[in-house]
Amino acid sequence: MADSALREAVRRAEGGLIDADLGGGVIKQRVARPGKGKSGGYRTPILFRQGERAIFAFGFAKSAQANISKADLALLKAAAAEALGWKDEELDLLVASGALVEIEDEREG
């Protein structure tokens, strides 16, 4: 998935256009494949808190996986409970270690 498509998914969510609110700080957004639309593209669960944080968990093609299992959703909700509480310093350390990859907002410096 292209960074620009991931940024667009967050912009839509920030604007209230959420494809599926799975609860517990987890949303699911559709992401377009390069050169194609969102309907035949990817799905990505995002650990999300409006105006504060968006962490992409993983992505999958709709053709490869119909939906997120109940077990995976429980894990995502547990991850959201932890990750959405991280302080900026903790996020910086995770990015510096390579555990997380930051996708810069094109509109920021």
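Just so it is clear, the model here is predicted, and its values are computed rather than measured.
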Measure across Ala9 and Val31 and return the closest heavy-atom pair with its distance rounded to 0.1 Å.
CB-CG2, 4.1 Å
Considering all heavy atoms, the nearest Trp86-Arg53 contact
O-NH1, 2.8 Å
Leu47 vs Val26, test: side chain to side chain contact (heavy atoms under 4.5 Å, CB included). Steps then yes/no.
CA-CA 5 Å; Leu47 313 181; Val26 181; 4.1 Å; yes
Are any side-chain N or O atoms of Gln50 and backbone N or O atoms of Gly16, one a donor and one an acceptor, separated by less than 3.5 Å?
no
When rounded to the nearest 0.5 angstrom, what distance separates CG in Leu22 from NZ in Lys77?
7.5 Å
Please round to the nearest 0.5 Å and tell me the distance separating atom CD1 of Ile68 and atom OG1 of Thr44.
8.5 Å
Which pair of heavy atoms, one from Ala80 and one from Gly24, lies closest together, and at what distance?
CB-O, 3.4 Å
Can you give me the closest heavy-atom contact between Leu84 and Phe48, atom names plus distance?
CD1-O, 3.8 Å
Is there a side-chain contact between Leu94 and Glu102 in this structure, where contact means two heavy atoms from C-beta onward sitting under 4.5 Å apart?
no
Note: Glu8-Arg11 ion pair, threshold 4.0 Å (strictly below):
yes
Are Asp19 and Arg43 within salt-bridge range, i.e. N to O under 4.0 Å?
no
Rounding to 0.5 Å, atoms CD1 (Ile55) and CZ (Arg49) come to a distance of 10.0 Å
Is there a path of hydrophobic side-chain contacts, each under 4.5 Å between heavy atoms, that joins Leu75 and Phe60?
no
Between CD of Glu82 and CD of Glu90, what distance do you get to the nearest 0.5 Å?
8.5 Å
Interatomic distance, CZ@Phe56 vs CD@Gln29, rounded to 0.5 Å, equals 8.0 Å
Under the criterion side chain to side chain contact (heavy atoms under 4.5 Å, CB included), I'd like the reasoning laid out for Leu76 against Phe58: C-alpha separation, chi angles, the key distance, then a yes or no.
CA-CA 10 Å; Leu76 285 166; Phe58 60 91; 4.2 Å; yes
